[in-house]
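Keep in mind that the numbers below use all heavy atoms, side chains included, and drop hydrogens, waters and symmetry copies.
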Amino acid sequence: MGNGSDMNETGNASRLCDRAVIRLSGAEGGGGEDVAAFLQGLVTNDVTGILPVWSALLSPQGKALFDFFVWPAQDAMLIDCEAAHADELVRKLSLYRLRRPIQIAVDPSVAVHWHGHRGDGGSDDPRLAAIGQRWLAAVVPSDEADCADAAYRAHRLELGVPEGREELGFDKLLWLECNAVELHGVSFKKGCFIGQENTARMNWRQKVNRRLAVVPLSKSDPARQQVAYPDLDVAVDHLRIADADPSLFPAWLGPVGQPQD
């Protein structure tokens, strides 16, 4: 697990209380390589290289079901995901386990932390360094008295980075429409994963015709809106590139609709 201070730059507690951690381990407490191989054939990113990575579990058609971060652990792998859907993700992963001796369960002893600056021992957010750093640490009950979720949400939305079911949907948006290439959420060199065929085809043919974007609430189209945040005066819209104002897309996205290496 990563190390980091317990406070972010504003002096508030750093725990993301809306996140949970799923532990995948060998049935006898070992078999870390088997766990990596299991995940490698399912999720969009390469979990055999440098971790953490942002990744997803897709439908066979390449639509986003769950997005999460994958972390290394001794004789195990950890998934940092939305707490509200953690049990559902456990069930989904367990369906693919078949007879493999792999244990998959929420680990209530581990918490996710974040701060919005680099340094202090956390890991850079693998999507975009400007988001800050996150780390995993043993749960301290007092952390829940002052969570960092609101600050984290405001910070990443200011940078134009959507995540989670409210913003990405469930079995609704294609993974590349969620800016997965630009946010380093997919590897086209790792081999097969669920939904890989359609995802790779879209990338090679440059057929990403729609994109998620964080837009001012006044410019949000109700017909395209995924979710609105009146407290932040923004919404997340699923925009058709040909019809959208280019200024609505963040600079890190590059030329909109053109996949990057």
Side-chain angles (χ1 to χ4, degrees), residues 1-2 15-114 123 125-127 134-140 143-144 149 163-166 168-172 175 178 180 184-187 190-196 199:
M1 292 187 289
R15 182 173 175 181
L16 297 180
C17 300
D18 289 341
R19 307 292 295 183
V21 173
I22 296 171
R23 181 178 293 273
L24 296 89
S25 60
E28 301 301 324
E33 292 183 2
D34 290 338
V35 172
F38 168 69
L39 278 183
Q40 186 78 340
L42 298 179
V43 306
T44 61
N45 221 328
D46 186 353
V47 301
T48 65
I50 297 174
L51 300 177
V53 292
W54 184 53
S55 191
L57 185 65
L58 309 182
S59 72
Q61 293 74 37
K63 295 182 178 181
L65 301 179
F66 304 89
D67 73 302
F68 42 78
F69 299 86
V70 180
W71 294 79
Q74 185 175 4
D75 295 329
M77 303 199 82
L78 305 178
I79 292 178
D80 156 7
C81 65
E82 291 184 280
H85 307 296
D87 289 337
E88 185 180 355
L89 178 53
V90 167
R91 290 194 294 271
K92 190 71 170 179
L93 291 171
S94 297
L95 290 175
Y96 294 109
R97 180 178 52 188
L98 302 177
R99 295 185 178 182
R100 298 193 191 195
I102 296 173
Q103 296 178 337
I104 307 171
V106 173
D107 186 342
S109 71
V110 183
V112 181
H113 291 262
W114 163 85
S123 296
D125 191 296
R127 297 168 295 182
R134 61 200 298 135
W135 67 97
L136 305 181
V139 166
V140 177
D143 286 343
E144 295 185 354
D149 299 275
E163 73 174 26
R165 184 169 297 185
E166 279 195 327
L168 307 185
F170 180 81
D171 201 11
K172 179 180 179 183
W175 185 228
C178 302
H184 314 294
V186 59
S187 170
K190 66 182 285 290
C192 294
F193 55 86
I194 298 172
Q196 181 264 346
T199 302

Novice: Given side-chain contact (heavy atoms from CB on, under 4.5 Å), test L57 with L89 step by step and report yes or no.
Specialist: CA-CA 9 Å; L57 185 65; L89 178 53; 4.2 Å; yes
Novice: What closest approach, in Å, do D46 and Q40 show between heavy atoms, and which atom pair accounts for it?
Specialist: OD1-NE2, 3.0 Å
Novice: Say you draw a straight line from CZ of R165 to CD of E82; how long is it, rounded to the nearest 0.5 Å?
Specialist: 7.0 Å
Novice: To the nearest 0.5 Å, what is the distance between CG on L24 and CZ on R100?
Specialist: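 So the CG of L24 and the CZ of R100 are separated by 11.5 Å.
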Novice: Shortest non-hydrogen contact from A86 to V106?
Specialist: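 Reported closest heavy-atom pair: CB-CG2, 3.9 Å.
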Novice: Please identify each residue that fulfils ring pair (Phe, Tyr, Trp, His ring centres under 6.0 Å) with Y96, with sequence neighbours left out.
Specialist: none
Novice: Taking all non-hydrogen atoms of both residues into account, name the closest pair between A64 and W175 and its distance.
Specialist: CB-CE3, 3.9 Å
Novice: Counting neighbours of CG on L95 that are heavy atoms of other residues, nucleotides or ligands and sit closer than 6.0 Å, is the number greater than 12?
Specialist: yes
Novice: Is the shortest heavy-atom distance from the side chain of I79 to the side chain of L39 under 4.5 Å?
Specialist: yes
Novice: Between A111 and R15, which heavy-atom pair has the shortest distance, and what is it?
Specialist: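 What the structure gives for the nearest pair is CB-NE, 3.5 Å.
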Novice: If the plane angle is over 60° it's perpendicular, under 30° parallel, otherwise tilted; pick one for W54 and F69.
Specialist: tilted
Novice: Looking at E166, I want to see if its CD is surrounded by more than 12 non-hydrogen atoms of other residues, nucleotides or ligands under 6.0 Å.
Specialist: no
Novice: Look at the side chain of D75 and the backbone N and O of S25, then say whether any donor-acceptor pair between them is shorter than 3.5 Å.
Specialist: no
Novice: About how many Å separate CG of L93 and CD1 of I22, when rounded to the nearest 0.5 Å?
Specialist: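 So the gap between those two atoms works out to 6.0 Å.
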Novice: Whether the side chain of K190 engages the backbone of V43 through a donor-acceptor N/O pair (distance < 3.5 Å, no angle test) should be reported.
Specialist: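 Yes, K190 side chain to V43 backbone: donor-acceptor pair under 3.5 Å.
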Novice: In Å, rounded to the nearest 0.5 Å, how long is the span from CZ of F66 to CZ of F170?
Specialist: 5.0 Å
Novice: Return the CZ to CG distance between F68 and L78, rounded to the nearest 0.5 Å.
Specialist: 12.5 Å
Novice: What heavy-atom pair brings A36 and M77 nearest, and what distance separates the two atoms?
Specialist: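 For A36 and M77, the tightest heavy-atom pair comes out as CA-SD, 3.5 Å.
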Novice: Kindly say whether D18 contributes a backbone atom to a donor-acceptor pair with the side chain of D149 at under 3.5 angstrom?
Specialist: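 Yes: the side chain of D149 pairs with the backbone of D18.
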Novice: Any non-hydrogen side-chain atom of D67 less than 4.5 Å from a side-chain atom of L168?
Specialist: yes
Novice: Using atom types as modelled and distance alone, determine if a side-chain donor or acceptor of S55 lies under 3.5 Å from a backbone N or O of T44.
Specialist: yes
Novice: Is there a side-chain contact (heavy atoms from CB on, under 4.5 Å) between R127 and H184 once you walk through the steps?
Specialist: CA-CA 6 Å; R127 297 168 295 182; H184 314 294; 5.6 Å; no
Novice: Less than 4.5 Å apart, side chain to side chain, heavy atoms only: is that true for R23 and Q103?
Specialist: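 The answer is no, as the side chains (C-beta and beyond) never meet within the 4.5 Å cut-off.
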Novice: Look at R134 together with D80 and state whether they make a salt bridge at an N to O cut-off of under 4.0 Å.
Specialist: yes
Novice: Closest heavy-atom contact between L136 and W71?
Specialist: CD1-CG, 3.5 Å
Novice: Once side chain to side chain contact (heavy atoms under 4.5 Å, CB included) is applied, do any residues pair with S59, and if so which ones, sequence neighbours excluded?
Specialist: Q61, K63, L65, D171
Novice: Return the CD to CG distance between E163 and D125, rounded to the nearest 0.5 Å.
Specialist: 8.0 Å
Novice: Show your reasoning for whether side-chain contact (heavy atoms from CB on, under 4.5 Å) applies to V110 and V139.
Specialist: CA-CA 5 Å; V110 183; V139 166; 5.5 Å; no
Novice: Given side-chain contact (heavy atoms from CB on, under 4.5 Å), test I104 with F38 step by step and report yes or no.
Specialist: CA-CA 11 Å; I104 307 171; F38 168 69; 4.0 Å; yes
